[in-house]
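These figures come from a predicted structure and were not determined experimentally.
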Amino acid sequence: MLRLPGPCVIVLVGPSGSGKSTWAQTNLPPDSIVSSDRLRAMVGTGEHDLRASADAFDVLDTIVERRMKRRLTTVIDTLGMDENRRAKWLRDAMKYKMPCFAIGFEVTPNEAKARLRARGRTVPTSVLKQQFDSWRHVRSRLVDEGFTGVVIDPGEAEIVPPQFVDALTRAREQKEHPVTLRFGLQIPSFTWPGGAPEIGPRLRDIAQAAEDAGFESIWVMDHFRQIPIVGPDWHEMLDSYTTLGFVAAATRRVTLGTMVTGVTYRNIAHLGKIIATLDVLSGGRAWCGIGAAWFRQEHLGYGWPFPSLSERYAYLEDALRLLPLLWGPGAPAFDGARISVPEAMCYPRPLQERIPILVGGSGERRTLKLVAQYADACNLFGEADVIRHKVDVLHRRCDAAGRARDEIDITQLSSVLVVDDRRHIDDAVAALRPPNVNAQQWSTRVNAGTVDDHIGRYRGLADAGVDMAVLSLADLGDTMPIERFAPVITEFAKTKL
């Protein structure tokens with residue numbers, strides 16, 4: 001199975017009767033195919049009205065360029081023999097940062113003639129000979145023209161999110177040579193069937209199912225209204241630490257934290273007291289997730305100051321220094337750049353000797369420097385290539401700070417949608433995606449794929465340095481999405497014998 005990353009540009013190349021259109025219609029999204037034959041029918045008297053070719057290609061070039069501009073997968077169904085046109089499509093694909101593939105079709109003249117006859121179409125022998133002569137020349141040149149990839153006689157194919165292109169290969173590697181990876185569940189939304197009366201019972205069932213499935217941790221966002229990337233601001237949003245207390249009572253093993261608390265939301269000494277209380281009442285299961293805060297509209301809506309970014313970083317560094325003092329013995333004074341506390345006192349002290357501190361954000365100049373100096377974990381976004389780079393930066397920051405690299409856990413946060421079979425993805429995406437978001441883009445955003453797709457993707461992230469993968473399930477509202485994801489956790493709980 002050929003997997004191509006969406007969105008991409010696909011240039012079909014081959015003589016008449018080589019099977020280009022049939023292959024595209026069988027394997028690729030119909031709305032993505034821009035066919036010169038179909039456009040001839042629209043601007044002329046039929047698909048084979050050669051007198052309309054110039055107008056048809058003018059329209060084709062416009063459609064192709066507009067689709068690339070919108071970053072929509074575009075399949076260019078022409079003979080593909082014109083070198084100048086291929087060069088232009090390549091340039092446009094590079095301009096709009098889209099991978100561009102050439103898909104060639106090898107066929108004998110006799111096979112091509114038989115196919116054309118079966119379709120009730122004839123191509124003069126001299127014209128077909130010219131096409132085959134051109135194809136032999138083009139075929140030898142395609143690999144040197146700069147395409148992202150060249151495939152001849154592709155067989156079955158599908159468009160997948162870029163992160164899944166090599167996932168099946170990595171999934172086989174994980175099954176044959178397993179590595180371990182821990183998993184956390186983030187719950188970013190509580191807008192579930194049944195409304196507010198159902199939130200408590202559903203949340204309890206979800207938390208217990210997550211623990212039973214093997215999730216190591218449960219996280220909630222620390223926001224007071226819903227954030228734009230998740231939903232409108234009037235959607236349900238619970239207070240984070242009250243929610244974690246509820247989850248603590250419903251579970252026995254999972255660790256609990258926010259991903260992450262904005263440093264501007266609460267008096268930091270009070271925050272330390274809240275987290276210590278969570279640790280005591282949960283039996284030593286609290287994390288402290290904290291970051292520099294970013295949601296300006298939330299601050300304005302609640303009447304809180306929203307300092308400059310530099311000031312917020314200064315508050316964050318003070319918090320990272322103060323919180324361990326609060327959780328330690330005695331009542332030492334603390335005097336930081338922005339925060340002063342005459343008595344850093346917190347009794348009862350946490351059950352954990354040190355509550356682990358996770359810093360959200362991956363800024364290389366300031367955030368990762370603070371992580372290297374003070375934190376126990378950092379939360380990163382991005383796929384394996386991005387994570388690998390960020391981990392390298394963090395390790396260099398650790399070296400400069402005199403920290404051992406393995407003292408800091410790397411977590412990665414992303415959305416996930418699990419389907420039983422890739423044939424069901426379109427239906428699942430259509431049922432869930434916002435109406436104004438392109439289906440392919442939303443599928444990529446939520447990592448819509450099968451269990452094996454996810455095993456492969458997470459193997460790549462583990463190899464890039466991730467210690468714990470934290471995920472929010474795009475269709476979470478009951479326990480079924482957790483059950484569908486559970487086999488992925490099982491695969492990473494195995495160790496090589």
Charged N to carboxylate O below 4.0 Å: is that the case for [X] and [Y]?
X: Arg182; Y: Asp409; answer: yes
X: Lys20; Y: Asp37; answer: no
X: Asp452; Y: Lys175; answer: yes

Using residues 466-477 as the side-chain source, report each donor-acceptor pair under 3.5 Å to any protein atom, sequence neighbours left out, with the distance given to one decimal.
{"from": "Asp467", "atom 1": "OD2", "to": "Ile410", "atom 2": "N", "distance (Å)": "2.8"}
{"from": "Ser472", "atom 1": "OG", "to": "Ser415", "atom 2": "OG", "distance (Å)": "3.3"}
{"from": "Asp475", "atom 1": "OD2", "to": "Arg484", "atom 2": "NH2", "distance (Å)": "2.6"}

Compute the ring centroids of Phe164 and His454, then answer whether they are less than 6.0 Å apart.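 Here the rings of His454 and Phe164 have centres that are less than 6.0 Å from each other.
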Looking at Ile387 and Phe381, what are the two nearest heavy atoms and their distance?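 Ile387 and Phe381 have their closest heavy atoms at CD1-O, 3.7 Å.
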Atom of Phe147, atom of Leu142 and distance for their closest heavy-atom approach: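 It is CD1-O, 3.7 Å.
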Any idea how Phe105 and Trp23 line up, ring-wise: parallel (<30°), tilted (30 to 60°), or perpendicular (>60°)?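 Plane angle over 60°, so perpendicular.
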At what distance, to the nearest 0.5 angstrom, does [atom1] of [X] lie from [atom2] of [Y]?
X: Asp82; Y: Lys88; atom1: CG; atom2: NZ; result: 12.0 Å
X: Trp135; Y: Glu106; atom1: CH2; atom2: CD; result: 5.5 Å
X: Ile290; Y: Asp222; atom1: CD1; atom2: CG; result: 9.5 Å
X: Asn438; Y: Arg71; atom1: CG; atom2: CZ; result: 10.5 Å

